[in-house]
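Below is one structure, written out as structure tokens; the observations come after it.
Below, all heavy atoms of this structure are taken into account, side chains as well, without hydrogens, waters or symmetry copies. Labels below follow one simple rule: chain letters A, B, ... track the order of the sequence lines, proteins then strands, and each chain is numbered from 1.
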Amino acid sequence: MFPGLRGPDQERGGPQRRPDRRPPGEPFPGADLRLTPMPDTTISTTRRGVIQRWTATIIPTTREAPTDAEVPSHVLLHRAGFIRPVGAGIYDYLPLAWRSLTKIAAIVREEMDAAGASEMLMPALEPFELFKDTKRDETYGDNLFRLKDRKGRTNALAPTHEEVITDLMKGVLTSYKQLPLNLYQVQTKFRDEARPRAGLLRCREFIMKDAYSFHLTLDGPGGLGDTYDRMFTAYSNIFRRCGLSFKAVEAESGPIGGSASHEFMVTCESGEDTVLTCAASGYAANVEKCEIGARPRGTFQEPPTGDLAEVHTPNLPGIDEVGKFMKVKPDRMLKTIVFRAAGGGGGGGGGGGVPAWVVAVVRGDHDVNEGKVKALAGVDAVALASLEEAKKAGFAVGYVSPRVVNTVPGVRLLIDADASLGGFWASGADKADHHVKHFNWRREVGAALDDPARVIVGDVRNAAAGDPSPRAEGSALATTRGIEVGHIFKLGTKYSDAMGLKVLDDQQKSASVIMGCYGIGVSRTLAAAVEQNHDANGILFPAAIAPYHAVITVMKPDDSRQADAAGRLADALARAGVDVLIDDRDERPGVKFKDADLIGVPVRLTVGDKALDQDAVEFKLRKDTAGKGENVPMSGIVERCVGALNG
RNA sequence: CGGGGUGUAGCGCAGCUUGGUUAGCGCGCUUGACUGGGGGUCAAGAGGUCGGCGGUUCGAAUCCGCCCACCCCGACCA
């Protein structure tokens, strides 16, 4: 027997309204948490699982979700009693959610520590002045939460902590001998999202792990590349241990160039981001970054398909509407987008140097990619031209054609390979409310096509499913949807230079510190796990991040034999490290089974008379949706649970 | 920021067009009885500043004005 086990309920005296019913507040007899005392030793090699009774905590499950919840994770996290809304993009994390979040964070901490990083904590509130040097007060825009204190000073609620930690390091880093260094924190972040949505997937307040590393060199021992690779491995470990199916994809590389940034995407249908993959080579990239393999190009010598014909196309807002009106499919139309080039003076350019305007032409069914436009144009930065300035310069915005390379001064024309082909094209007519049919490159644009300073053919659009792979000849790219749960990034000296973070190197010369940053959306990871692991009945948590590993469903909690068996079972499981939730509610079995499915605990153990008569309990896995459960003898139940949870 | 929509009990909704007793329904909640292995049955209850402010009127959930909050699509964004 178990020493210290108290007798059944009936032995206790005192007035009871009904002898067979526990009054509120009375402990569930079998679940005395002090059956096995926590060890007094400081160092423990075994972790004891927790035991919680359903009636002693709060798990407000509901049959219906609020109407505004649309994506599965939002609906289920609400229905299963994990979260409740407080304001737009702000949520309470109830006990079940907090247990899962704590487990995710614990995995993150273990892997970060193992990779040589040190945890610390910075404030969420920071003086607004910190953002001045890096100009993020402007570039971050309205997404930066600002608030005034009683003295009228503006403060910010941190969206990330590059400025705070760079400022901190300015005071403590003096020598290259202190490098490399990698510091991280798990903390609440704030971003004043224009449109928070989808429950925990896009919040204004959310939990994030952010890490920052510091180096003297890009490569070599102790260099940024070294830590970056370690973080890549740590992130892979973290999401694998969380039980998630994910992809590491190449992302926009920023100031360093090359493969200086990876996003970790949990793959699932409802993901907001598009990921392109090549099965043959293993290449994966997000839509902003994804390269496209070799594509055929036009010669600009193809014959016209007919006489240029102008069509009146009034009040048609988009390319699809124009196409329908003209009876032309979007993939036979040219979309011409006007960008302002950085540093381009009005009227200049055109013959090398910096052009004033960069005009990109893609097929109507394709999307222009700003990063590719910038790269192909060979300029520092591009920005979509504002309506007024473009009109002033002579662009018929909305009806621009490639002919502007000859009519507007300072234009560098970038033509996507697919748009450079011959055949029938429709295009803008360079005047309001008009388009043209039978656009022909040679006839309409002429000699400018032969001037490499004015016209460049290349890749300026987002990759799409079916495009040739950039890494494996003959294979095509495929698209999947994903949720970005992690991002690792080589910052370079962007922040250290902006804020003056330098150390002395071994030549006693002042050197800019090279930085990397590494983020994981902890609360988003919880939501992503639910997006990826659910069925019609509720959540199916991976064991590593489930709030409890096992739920013991007690059929008759007021029956002393059942209560006692549940208590002993819970205790034995806890000793083996299993976190146990005992459903001791006086509810009908159907309610309890439905709720157990809903909250997604991986293992369900049902304690009822039928099984107990054989000294057994019913064992059922949440993912085994069809099965009816299996009677497992008491003597083997712990082993069975542990095996299932580790397996 | 542009377009669309919704605010009535913890949740989901009706009532509003055509102003008029005490504002209803389902789920949930409380009490009791019967039940007891996949959201049970019956009975009796509790629970509402009808988003806010102002206006019209003898009288406003209902009509008018302003404001606020929230959601969806887009833009933007880690």
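Arg524(A) has no side-chain polar atom (N or O) that falls below the 4.0 Å cut-off from OP1 or OP2 of A78(B). Contact annotation: Arg63(A) side-chain N/O to G28(B) OP1/OP2 distance is under 4.0 Å.
One C1' atom belongs to G5(B), the other to G45(B), and the distance between them is 37 Å to the nearest Å. Spacing between G74(B) and U17(B) at atom P, rounded to whole Å, works out to 35 Å. The C1' atoms of U56(B) and C11(B) are separated by 36 Å, rounded to the nearest whole Å. Rounded to whole Å, the separation between the P atoms of A61(B) and U22(B) comes to 11 Å. When the P atom is compared between G7(B) and G15(B), the two are found 10 Å apart, to the nearest whole Å. Atom C1' of A9(B) sits at a distance of 11 Å from the matching atom of A46(B), rounded to the whole Å. For the P atoms, the distance linking C71(B) with U30(B) amounts to 31 Å, nearest Å. The gap from the C1' atom of C25(B) to that of C50(B) amounts to 16 Å, rounded to the nearest Å.
For A43(B), the paired base is U31(B) (Watson-Crick or G-U wobble, both distances below 3.5 Å). Under the Watson-Crick or G-U wobble criterion, with both distances below 3.5 Å, G54(B) is paired with C64(B). G38(B): no Watson-Crick or G-U partner with both key distances under 3.5 Å is found in any strand. Using Watson-Crick or G-U wobble geometry with both donor-acceptor distances under 3.5 Å, G48(B) finds no partner in any strand shown. Figure legend. U21(B) is base-paired to no nucleotide; pairs are counted as Watson-Crick or G-U wobble with both atom distances under 3.5 Å. Summarising the base pairing, G74(B) is matched to C1(B) through a Watson-Crick or G-U wobble pair whose two defining distances lie under 3.5 Å.
Between His487(A) and Tyr235(A), the shortest heavy-atom contact is N-CE2, 3.9 Å. Residue Tyr91(A) comes nearest to His74(A) through the heavy atom pair OH-NE2, 3.3 Å, listed as atom of the first residue, atom of the second, then distance.
Among G39(B), A78(B), G38(B), the nucleotide with an atom closest to any side-chain atom of Thr61(A) is G39(B). Listed candidates were G36(B), A78(B), G39(B). Nearest to the side chain of Arg79(A) is G39(B). Taking every side-chain heavy atom of Asp586(A) into account, G36(B) is the closest of C72(B), A78(B), G36(B). Nearest to the side chain of Phe593(A), among G38(B), A78(B), A75(B), sits G38(B). You'll find that the side chain of Arg604(A) is closest to G38(B), out of C71(B), A78(B), G38(B). With A78(B), G39(B), C29(B) as the candidates, the nucleotide lying closest to the side chain of Glu587(A) is C29(B).
A donor-acceptor contact shorter than 3.5 Å is absent between the side chain of Asn155(A) and the backbone of Leu157(A). The backbone N or O of Cys290(A) lies less than 3.5 Å from a partner atom in the side chain of Lys372(A), making a donor-acceptor pair. A side-chain donor-acceptor contact under 3.5 Å links Asp535(A) to the backbone of Asn537(A).
Between Arg197(A) atom CZ and A75(B) atom P there is a gap of 9 Å when expressed in whole angstrom units. In this structure, Leu144(A) atom CG and C76(B) atom P are separated by 20 Å, rounded to whole Å. As rounded to whole Å, 11 Å separates atom C1' of A69(B) from atom CZ of Arg204(A). Atom C1' of nucleotide C73(B) and atom CD of Glu272(A) are separated by 13 Å, given to the nearest angstrom. Look at CD1 on Ile58(A): it is 13 Å from C1' on G28(B), rounded to the nearest Å. Whole-Å rounding puts the Ile83(A) CD1 to C11(B) C1' distance at 15 Å.
If you check every strand for non-hydrogen atoms under 4.0 Å, Thr606(A) touches a base. Arg84(A) comes within 4.0 angstrom of nothing in the nucleic acid, heavy atoms only. Ala194(A) comes within 4.0 angstrom of a nucleotide base, judged by non-hydrogen atoms across all strands. Within the 4.0 angstrom heavy-atom criterion, base atoms lie near Glu64(A). Residue contacts for Gly608(A): at a heavy-atom cut-off of 4.0 Å it reaches a base atom on one of the strands shown.
Residues His78(A) and Arg84(A) have side chains in contact (heavy-atom distance under 4.5 Å, counting atoms from C-beta outward).
In this structure, Thr166(A) OG1 and Asp133(A) CG are separated by 10.5 Å, a value rounded to the nearest 0.5 Å.
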* To do: Let me see the working for Tyr518(A) and Phe232(A) under ring pair (Phe, Tyr, Trp, His ring centres under 6.0 Å), right down to the final yes or no.
  => CA-CA 9 Å; Tyr518(A) 319 94; Phe232(A) 190 98; over 10 Å; no
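With hydrogens and angles ignored, a donor-acceptor pair closer than 3.5 Å exists between the side chain of Glu193(A) and the base of A78(B). For a distance-only test at 3.5 Å, the side chain of Arg588(A) fails to qualify as a donor-acceptor partner of the base of G36(B).
Look at Phe489(A) and the base of A78(B); the rings do not stack under the cut-offs of 5.5 Å between centres and 30° between planes.
Nearest-nucleotide assignment on RNA chain B puts the 5′-proximal partner with Ala65(A), out of Ala65(A) and Pro196(A). The residue among Lys594(A) and Glu70(A) whose nearest nucleotide of RNA chain B is located toward the 5' end is Lys594(A).
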